[in-house]
Amino acid sequence: MIVTITMNPSIDISYPLDTFKLDTVNRVTNVKKTAGGKGLNVTRVLKQLDDEVIASGLLGGFLGESIKKDLDEANIAHSFSQISGETRNCIAVLHEGMQTEILESGPVISVTEAEDFLNHFTKLVEKARILSFSGSLPAGLPKDFYAQMIAICNKNNKPVILDCSGESLKLVLESKAKPLLIKPNTEELADLLGKDVSEDIHILKETLNDSLFAGIEWIVVSMGAKGAFAKHQDKFYHVEIPKIDVINPVGSGDSTVAGLTSAINNGDSDSDVLKKANVLGMLNAQEAVTGHVNLDNYQKLFAQIKVSLV
Ligand code: ATP
């Protein structure tokens with residue numbers, strides 16, 4: 001079983017408007033509300049791949065119940081830890097080809113709620129084969145919370161695929177607890193190292209050899225339309241992808257994480273792990289709905305991806 005973790009989920013609301021008028025009323029008809037958060041996008045793609053998956057993390061209040069209902073309707077198993085605060089809304093106003101976002105910071109987690117979650121999580125880890133953590137941590141949790149969770153997984157010999165950024169990623173890299181894989185994009189990598197990261201293969205190789213990444217078996221740097229660059233143990237891979245028509249690339253990184261988790265769980269070869277991850281990223285970019293992929297085009301794209309040892 002794959003366990004996905006979303007610590008700060010949301011109800012994602014999209015408001016499409018022809019024009020967005022400030023300081024007056026905007027009326028909207030075609031409203032979409034979905035259970036969101038990066039980990040839930042990963043979960044939905046894993047479900048479409050027919051992988052056995054269970055979603056976990058923190059949920060609270062009326063919107064928390066609404067997320068559970070949404071997952072039930074999609075036939076997705078879940079086991080969240082309850083919090084007293086209210087799960088957040090994230091609003092995207094789509095107007096004149098632009099996207100204006102209003103993101104609530106979300107609930108503040110108490111010390112007791114954090115402890116309750118870790119107890120709940122420990123039981124899930126025992127049942128899991130592999131775990132995938134995505135997204136930011138809600139306020140109130142210590143910044144090293146992912147490192148604490150990974151320590152529990154390491155103790156149980158369960159691999160972790162980690163997709164987070166900023167301080168929580170830095171603290172994981174500095175801790176003794178090690179995920180199996182991290183998936184930064186080039187911006188997150190630059191932010192982490194405090195310097196520009198170019199997409200030049202030699203520079204990427206040098207960058208991933210930084211001592212900050214010691215002990216991390218897999219580093220997959222996703223590069224949007226330019227594919228990906230990866231390090232597995234002492235091997236480096238360049239992943240070249242075909243040019244595709246893109247509709248909405250938001251969530252392609254989450255789809256990529258689903259592919260990495262699924263392929264590693266299946267024991268695929270390095271090349272197939274990277275191909276599956278990139279195909280799913282591309283398939284997500286070809287759809288309007290985040291975390292949705294049309295698997296009919298899977299094989300065709302898979303055959304067009306080139307993975308080379310560099
Ligand atoms: P997000 O945070 O929106 O989920 P990300 O920055 O983590 O995205 P990206 O590097 O943008 O992740 O995309 C992940 C993968 O999806 C890429 O490695 C690539 O395979 C595919 N992809 C994304 N955008 C495009 C695009 N415009 N054209 C083709 N493939 C794309």
Side-chain angles (χ1 to χ4, degrees), residues 4 6 8-10 12 14 34 36-46 48-49 90 92 94 99 101 103 132-136 161-166 168-169 179 181-192 197-199 201 204 207-208 218-232 236-263 270-295 297-298 300-308:
T4 59
T6 316
N8 203 5
S10 56
D12 288 347
S14 83
T34 51
K38 292 172 74 64
L40 292 181
N41 294 337
V42 174
T43 311
R44 268 193 288 269
V45 175
L46 286 168
Q48 285 171 78
L49 291 171
C90 288
L94 313 171
Q99 180 159 335
E101 297 191 17
L103 309 181
S132 166
F133 306 173
S134 304
S136 60
I161 309 297
L162 177 68
D163 184 17
C164 67
S165 55
S168 53
L169 175 57
L181 183 150
I182 56 171
K183 190 222 70 69
N185 58 28
T186 40
E187 211 176 295
E188 288 160 351
L189 203 56
D191 183 44
L192 196 63
V197 174
S198 89
E199 283 155 357
I201 288 176
L204 280 170
T207 306
L208 300 194
W218 269 103
I219 306 163
V220 179
V221 183
S222 66
M223 306 191 297
K226 292 185 183 146
F229 187 83
K231 177 175 188 270
H232 183 207
F236 291 89
Y237 298 98
H238 184 214
V239 185
E240 291 166 274
I241 61 173
K243 195 169 166 30
I244 53 163
D245 291 330
V246 169
I247 294 182
N248 175 16
V250 175
S252 282
D254 304 332
S255 214
T256 297
V257 167
L260 293 165
T261 309
S262 171
D270 287 2
S271 167
D272 284 0
V273 166
L274 293 168
K275 284 183 184 174
K276 186 168 198 174
N278 279 267
V279 173
L280 290 167
M282 283 190 277
L283 288 176
N284 177 80
Q286 290 184 308
E287 298 292 322
V289 181
T290 302
H292 179 76
V293 288
N294 178 358
L295 294 173
N297 299 327
Y298 186 96
K300 198 172 152 227
L301 284 179
F302 194 94
Q304 292 178 68
I305 296 178
K306 198 172 146 212
V307 177
S308 356

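Just so you know, ligand 1 is whichever comes first in the structure, and atom 1 is the first atom listed for that ligand. This is a predicted model, so every value here is computed, not measured.
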Residue pairs passing the salt bridge (Lys or Arg N to Asp or Glu O under 4.0 Å) test where at least one lies in residues 274-294, sequence neighbours excluded: none
Do you know the tightest heavy-atom contact between Y237 and V307? CD2-CG1, 3.7 Å
Just jot down the side chain to side chain donor-acceptor pair (under 3.5 Å) partners of D12, sequence neighbours excluded, or say none. S10
Could you go through residues 238-250 and list every donor-acceptor pair under 3.5 Å that involves a side-chain atom there, pairing it with any protein atom two or more places apart or in another chain?
{"unit_1": "N248", "atom_1": "OD1", "unit_2": "V250", "atom_2": "N", "d": "3.1"}
{"unit_1": "N248", "atom_1": "ND2", "unit_2": "A288", "atom_2": "O", "d": "2.9"}

If you take all heavy atoms of L40 and P9, which pair is closest and at what distance? CD1-CB, 4.2 Å
What does the list of residues with a heavy atom under 4.0 Å from ligand 1 look like, ordered by chain and number? K38, K183, N185, S222, M223, G224, A225, G227, I241, I244, V246, P249, V250, G251, S252, G253, D254, T256, N278, G281, M282
Counting N and O atoms only, with roles assigned by atom type, does the side chain of N284 sit under 3.5 Å from a partner on the main chain of V293, one being a donor and the other an acceptor? no
